[in-house]
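Note on naming: letters A, B, ... go to the chains in the order of the sequence lines (proteins, then strands), and numbering restarts at 1 for each one.
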Protein chains: 4
Amino acid sequence: MNFNDQQAIYLQIADYICEQLLLDQWPASERIPSVRDLAAVVEVNPNTVMRAYDFLQQKQVIYNKRGIGFFAGEEAKQQIIAYRKERFLAEELPAFFKTLYLLDISMEELQQRYNTFVSDTYPDQP
Amino acid sequence: MNFNDQQAIYLQIADYICEQLLLDQWPASERIPSVRDLAAVVEVNPNTVMRAYDFLQQKQVIYNKRGIGFFAGEEAKQQIIAYRKERFLAEELPAFFKTLYLLDISMEELQQRYNTFVSDTYPDQP
Amino acid sequence: MNFNDQQAIYLQIADYICEQLLLDQWPASERIPSVRDLAAVVEVNPNTVMRAYDFLQQKQVIYNKRGIGFFAGEEAKQQIIAYRKERFLAEELPAFFKTLYLLDISMEELQQRYNTFVSDTYPDQP
Amino acid sequence: MNFNDQQAIYLQIADYICEQLLLDQWPASERIPSVRDLAAVVEVNPNTVMRAYDFLQQKQVIYNKRGIGFFAGEEAKQQIIAYRKERFLAEELPAFFKTLYLLDISMEELQQRYNTFVSDTYPDQP
DNA sequence: GTGGTCTAGACCACC
DNA sequence: GTGGTCTAGACCACA
C-alpha cells in the first residue's frame with residue numbers, strides 16, 4: 001500500500017480486492033482472506049482492512065457470515081464492473097481525455113503503449 | 001471551482017492556471033492575474049489562490065517579482081508539459097490501462113468517446 | 001522562535017527541525033513530534049508548524065503517513081546536508097567572502113572567533 | 001538586481017553602492033549617480049533607488065545637496081565599515097558558524113575556497 | 001497596489 | 001489521535 005497517496009488506504013485495499021476477484025485470483029463464491037490475515041499481508045492496521053471490507057459490503061460485492069468470514073458473492077464480478085464502469089466513464093474519463101488533449105498525446109501513441117502494457121502485465125492471457 | 005471534489009481547491013486552481021497557459025489564454029512571459037483578482041474571479045479566499053501560486057512556483061511554472069506580481073516563465077508551457085507528461089505516463093497511465101483492461105473497455109470504444117469529447121469540448125479547433 | 005526576525009517563523013522552525021536531526025536529538029527514521037505538539041512547544045499556531053513540515057516534505061527531508069504522523073527519512077541527514085551544502089556554497093558563501101574582503105577581516109581572526117564559538121556553543125563535543 | 005531574493009531590492013542597491021565606494025569605483029567625496037541614472041542602470045523603479053539613498057543617508061554614508069545630487073561623505077568608507085562590521089560580527093557570524101559546524105565544513109576547506117574566491121573576483125589586487 | 005506571513009478557528013477524512 | 005484544507009481577517013514590507 002502506498003501511504004502518501006491521495007487515495008485513502010482503505011480504498012487502495014478495496015481496489016486490490018476487486019482486482020484479485022476480477023482476475024480470478026480468489027475464486028468467486030469462496031471465502032476471502034480474514035481481516036487479520038490480509039492486514040498482515042498488506043501491513044496496515046486491521047481496522048483499515050475492516051473498513052475496506054465494510055465498503056465492499058455496502059457495494060454488495062462481498063458479504064459476511066457471522067463468525068465465519070467474508071465471501072465474494074456469485075455475482076461479485078458483475079457488481080464490480082457495473083459499479084466501476086459507470087463511475088469511470090462519467091468521472092474519470094473526461095479528465096483523462098482533457099489531459100491527453102492538453103499534453104498532446106495521440107491515440108496512436110496511446111494504443112501502442114496499451115499493447116505494451118498488456119503484454120507486459122498480463123503475459124499469460126491469449 | 002468544484003467544492004465537493006476529492007481534489008483540493010488549490011490544486012484545481014493550479015490546474016486551471018496550467019490550462020489557461022497551455023491554451024494560450026494567458027500570454028506566456030506576461031503577468032498573470034494578481035492573487036486578489038483571481039481570488040475574486042474564482043470566488044475563493046485569497047490564501048487559497050496564494051497556495052496554488054506557491055505550488056506552481058515550486059514546480060517552476062511561474063515566478064514572482066517582489067511587489068509586482070506573478071509571471072509565467074518563457075518556458076512555462078514546456079515546464080508544464082514536461083512535469084505533467086512525465087508524471088502522467090509514469091503514474092496515471094498504468095492505473096488507467098489496468099482499469100481499461102479489468103473493465104474490458106476496448107480501444108475502439110475509447111477512440112470513439114475521445115472523438116466525441118474533443119469535438120464537444122474544443123469545437124473551435126480545426 | 002524569534003518573532004522579530006527577517007526570517008519567517010516557519011523557516012526558523014524548519015531550521016530548528018533540521019538542527020535536531022543533524023545533532024541526533026531526534027532519532028532518524030522515527031516519528032517526529034506531531035504538528036500540534038510542536039506548535040505547543042514553540043508556541044506558535046499549528047498552521048505555522050504545518051507549513052514548516054510541508055516545506056521539509058517538499059525538500060524530501062521528512063515524509064508522512066496518513067493519520068499517523070511525520071517521519072524523518074532514513075537518509076534525512078544526508079538530504080539536509082546535500083540540500084543545504086549546495087545552496088550554502090553556491091549562494092551564501094560568495095556573499096560572505098565578499099563581506100570578509102570588503103570589511104577586511106582576516107582568516108586568522110575568523111579562525112579564532114570560530115574556535116571560541118564552537119567551544120562555547122557545543123562544549124560537549126570532543 | 002535579483003528580484004526573487006529574500007533581501008529587499010532597495011537593500012540590494014544599498015549594498016551595491018557601498019561596494020562601489022569601498023572598492024573606490026566611485027571616488028569618495030564626489031557626486032554619485034543620480035537617482036534616475038542609477039534606476040536606469042539597475043532597471044528598477046526610481047522610487048526604489050530613492051529608498052536606497054534615503055537608507056544610506058540615515059546611516060550617514062551619503063548626504064544630499066538640494067537640487068544638485070547625492071554625495072559620498074569624506075568618511076563614507078569608515079562609516080560603512082563601522083556600521084557593517086558591527087552588525088556582521090554580532091548577527092551574521094554566529095549563524096554562519098553554526099552552519100559551518102552542522103554541515104561539517106572545515107576551516108581548511110574554507111580557507112582554500114576563500115583564496116580561490118579572492119583571486120577570481122579581485123584579480124587586480126596585489 | 002503587490003505578495004508574504006501569521007493567527008484563530010473551523011471542518012474533514014483517515015488510522 | 002493524526003494530518004489537510006479552507007476561511008476570515010489582520011498586519012507587514014515592498015514597488
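Checking the phosphate oxygens (OP1, OP2) of E/dT5, no side-chain nitrogen or oxygen of C/T48 falls inside 4.0 Å. Side-chain nitrogen and oxygen atoms of A/Y10 include at least one within less than 4.0 Å of the OP1 or OP2 phosphate oxygen of E/dC14. One finds a side-chain N or O of B/R51 lying less than 4.0 angstrom from the OP1 or OP2 phosphate oxygen of F/dT5.
Using a 4.0 Å cut-off between charged side-chain N and carboxylate O, B/R66 and D/D5 make no salt bridge. A salt bridge links C/R84 with C/D15: the closest approach of a Lys/Arg side-chain nitrogen to an acidic carboxylate oxygen falls below 4.0 angstrom.
Residue-to-nucleotide proximity on DNA chain F shows that, of B/P46 and C/G69, the 5′-proximal contact is made by C/G69. Along DNA chain F, the nucleotide nearest to B/R66 and the one nearest to C/R66 differ in position, and the one closer to the 5' end is contacted by C/R66. When each of B/Q57 and A/Q7 is assigned the nucleotide of DNA chain E bearing its nearest heavy atom, the one mapping closer to the 5' terminus is B/Q57. If C/V44 and A/L11 are placed on DNA chain E by their nearest nucleotide, the residue sitting closer to the 5' end is C/V44.
The six-membered or imidazole ring of A/F96 lies near that of B/F88, with a centre-to-centre distance under 6.0 Å. Residues A/Y63 and A/F70 place their aromatic rings such that the two centres sit no closer than 6.0 Å.
In the set E/dT2, E/dT7, E/dC15, E/dT2 carries the atom at the smallest distance from any side-chain atom of B/R31. The nucleotide whose nearest atom lies closest to any side-chain atom of B/I68 is, among E/dC6, F/dA15, E/dC15, F/dA15. Of the candidates F/dC6, E/dC6, E/dG3, E/dG3 carries the atom nearest the B/N64 side chain, counting heavy atoms from C-beta on. Across F/dG4, F/dA15, E/dC15, the shortest atom-to-atom separation from the side chain of C/F70 is found for F/dG4. Nearest nucleotide to the side chain of C/D37, out of E/dG3, F/dT2, E/dA8: F/dT2. For C/I9, the listed nucleotide lying nearest its side chain is E/dC6; candidates were F/dG3, E/dC6, F/dA15. For B/S34, the listed nucleotide lying nearest its side chain is E/dG3; candidates were F/dT2, E/dG3, E/dC14.
The residue B/N45 sits close to a base: some heavy atom pair falls under 4.0 Å.
When the P atom of F/dA15 is taken as reference, atom CG of D/N2 falls 12 Å away, rounded to whole Å. Atom CZ in D/F3 sits about 14 Å away from atom C1' in E/dG3, given to the nearest Å. Going from atom CZ of B/F71 over to atom C1' of E/dT2 covers 10 Å, rounded to whole Å. Whole-Å rounding puts the C/K65 NZ to E/dA13 C1' distance at 19 Å. Nucleotide F/dA13 holds its P atom 18 Å from the CG atom of D/D5, rounded to whole Å. Atom CG in A/D54 sits roughly 14 Å away from atom P in E/dC15 (whole-Å rounding). Note: CD (D/Q6) to C1' (F/dC14) measures 15 Å, nearest angstrom. In this structure, B/N47 atom CG and F/dA8 atom C1' are separated by 8 Å, rounded to whole Å.
Side-chain contact between B/I13 and B/F55 is absent, with no heavy-atom pair separated by less than 4.5 Å.
Counting only N and O atoms by type, the side chains of B/Q58 and C/Q58 include a donor and acceptor under 3.5 Å apart.
Nucleotide F/dC14 has E/dG1 as its partner under the Watson-Crick or G-U criteria, with both atom distances under 3.5 Å.
On a pure distance criterion of 3.5 Å, a polar donor-acceptor pair joins the side chain of B/R36 and the base of E/dG3.
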